[in-house]
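Below: one structure, written as structure tokens.
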Amino acid sequence: QVQLVESGGGLVQPGGSLRLSCAASGITFSSNTVNWYRQAPGNQRELVASITRGSSTIHADSVKGRFTISRDNAKNTVYLQMNGLKPEDTGVYYCNVNYLYRQYWGQGTQVTVSS
């Protein structure tokens, strides 16, 4: 019943920007902590940012000052604004929630930062 759909990925040059979206059905984002993860080629999936039901945010050290997680409750959507993109930001970005002790993941959206 829970479904997460990411969008907004693409190919950008270093220093460029993208805004990722995660639209949810079956859950209310405003009542849950929502996370963005990413997985680079050959690497483990890593936590990028989180936003709690109280709207506090956490960003990984590697993206602080460049990425911003936010929520639009009216649209039941969480965003990841990515500025100053670097080649090392390349990977598949996934939206994630933990609801009733189960993990839910979107299908992922590809972000490629390259000249």
Side-chain angles (χ1 to χ4, degrees):
Q1 192 74 282
V2 175
Q3 185 173 341
L4 309 176
V5 180
E6 303 99 331
S7 61
L11 173 64
V12 297
Q13 293 184 323
S17 297
L18 287 172
R19 189 178 74 161
L20 307 184
S21 299
C22 177
S25 61
I27 57 170
T28 301
F29 271 165
S30 64
S31 298
N32 293 277
T33 293
V34 183
N35 310 294
W36 282 101
Y37 284 79
R38 69 185 179 190
Q39 188 165 20
N43 288 56
Q44 296 288 94
R45 191 170 298 183
E46 64 177 345
L47 180 65
V48 176
S50 298
I51 184 166
T52 71
R53 64 184 299 169
S55 295
S56 63
T57 61
I58 297 172
H59 299 82
D61 288 343
S62 59
V63 306
K64 283 182 179 177
R66 300 188 297 118
F67 291 12
T68 304
I69 189 171
S70 63
R71 173 193 289 129
D72 185 333
N73 291 336
K75 296 181 178 180
N76 202 29
T77 299
V78 168
Y79 303 96
L80 185 67
Q81 178 67 47
M82 305 186 297
N83 300 323
L85 284 162
K86 304 175 180 179
E88 52 263 45
D89 295 319
T90 293
V92 179
Y93 284 69
Y94 298 91
C95 185
N96 161 266
V97 296
N98 187 332
Y99 180 64
L100 298 178
Y101 301 98
R102 296 176 66 93
Q103 293 285 335
Y104 295 92
W105 299 87
Q107 83 288 348
T109 185
Q110 176 71 45
V111 172
T112 303
V113 185
S114 176
S115 299

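Annotation: the span from Asn73 atom CG to Thr28 atom OG1 amounts to 9.0 Å, rounded to 0.5 Å. Separating the CG atom in Asn98 from the CG atom in Asn32 is a distance of 8.5 Å, to the nearest 0.5 Å. In this structure, the separation between CG on Leu47 and OG on Ser62 is 9.5 Å, given to the nearest 0.5 Å. To the nearest 0.5 Å, atom NZ of residue Lys64 and atom OG1 of residue Thr57 are 9.5 Å apart. Atom CZ in Phe67 sits 9.5 Å away from atom OG in Ser17 (nearest 0.5 Å). From Arg38, atom CZ reaches atom CG of Asn43 across 9.5 Å, with rounding to the nearest 0.5 Å.
Counting only distance, with no hydrogens or angles, the side chain of Asn83 and the backbone of Thr68 share no donor-acceptor pair below 3.5 Å. A side-chain donor-acceptor contact under 3.5 Å links Glu6 to the backbone of Cys95. A distance-only check finds a donor-acceptor pair linking the side chain of Thr52 to the backbone of Gly54 [under 3.5 Å]. In terms of modelled atom types and a separation under 3.5 Å, the side chain of His59 and the main chain of Ile69 share a donor-acceptor contact.
A continuous path of hydrophobic side-chain contacts links Val97 to Leu80 [ILVMFWY only; heavy atoms under 4.5 Å]. By the rule that hydrophobic residues join a cluster once side-chain heavy atoms approach within less than 4.5 Å of another member, Ile27 and Trp36 end up as members of one cluster. Both Leu18 and Val48 sit in one connected hydrophobic cluster of ILVMFWY residues. Membership requires side-chain heavy atoms under 4.5 Å apart, directly or through other members. Clustering ILVMFWY residues whenever any of their side-chain heavy atoms sit less than 4.5 angstrom apart, transitively, puts Leu4 in a cluster other than the one holding Val92. Ile58 and Val34 fall into different hydrophobic clusters, where Ile, Leu, Val, Met, Phe, Trp and Tyr are joined by side-chain heavy atoms under 4.5 Å apart, directly or via other members.
Here the closest non-hydrogen pair linking Ala24 and Phe29 is CB-CZ, 3.4 Å. The nearest pair of heavy atoms linking Ser50 to Asn35 is OG-OD1, 2.5 Å. Residue Tyr79 comes nearest to Asp72 through the heavy atom pair CE1-CB, 3.7 Å, listed as atom of the first residue, atom of the second, then distance. Residues Leu20 and Met82 come closest through the heavy atom pair CG-CE, 3.7 Å. In plain terms, the two heavy atoms of Thr90 and Val113 that are nearest each other are OG1-N, 2.9 Å. Taking all atoms of both residues into account, the shortest heavy-atom contact from Thr109 to Gly8 is OG1-N, 4.1 Å.
By the 6.0 Å contact criterion, OH on Tyr104 is enclosed, its count of non-hydrogen atoms from other residues, nucleotides or ligands being greater than 12. Other residues, nucleotides and ligands place more than 12 heavy atoms under 6.0 Å from the CD atom of Gln103.
In this structure the side chain of Tyr99 never reaches within 4.5 angstrom of the side chain of Gln1, judged on heavy atoms.
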Q.
With side chain to side chain contact (heavy atoms under 4.5 Å, CB included) as the criterion, how do Arg71 and Ser55 come out once you've worked through the C-alpha distance, each side chain's angles and the decisive distance to 0.1 Å?
A. CA-CA 8 Å; Arg71 173 193 289 129; Ser55 295; 3.6 Å; yes
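Between Lys86 and Asp89 there is no salt bridge, since none of the side-chain N atoms of the basic residue sits less than 4.0 Å from a carboxylate O of the acidic one.
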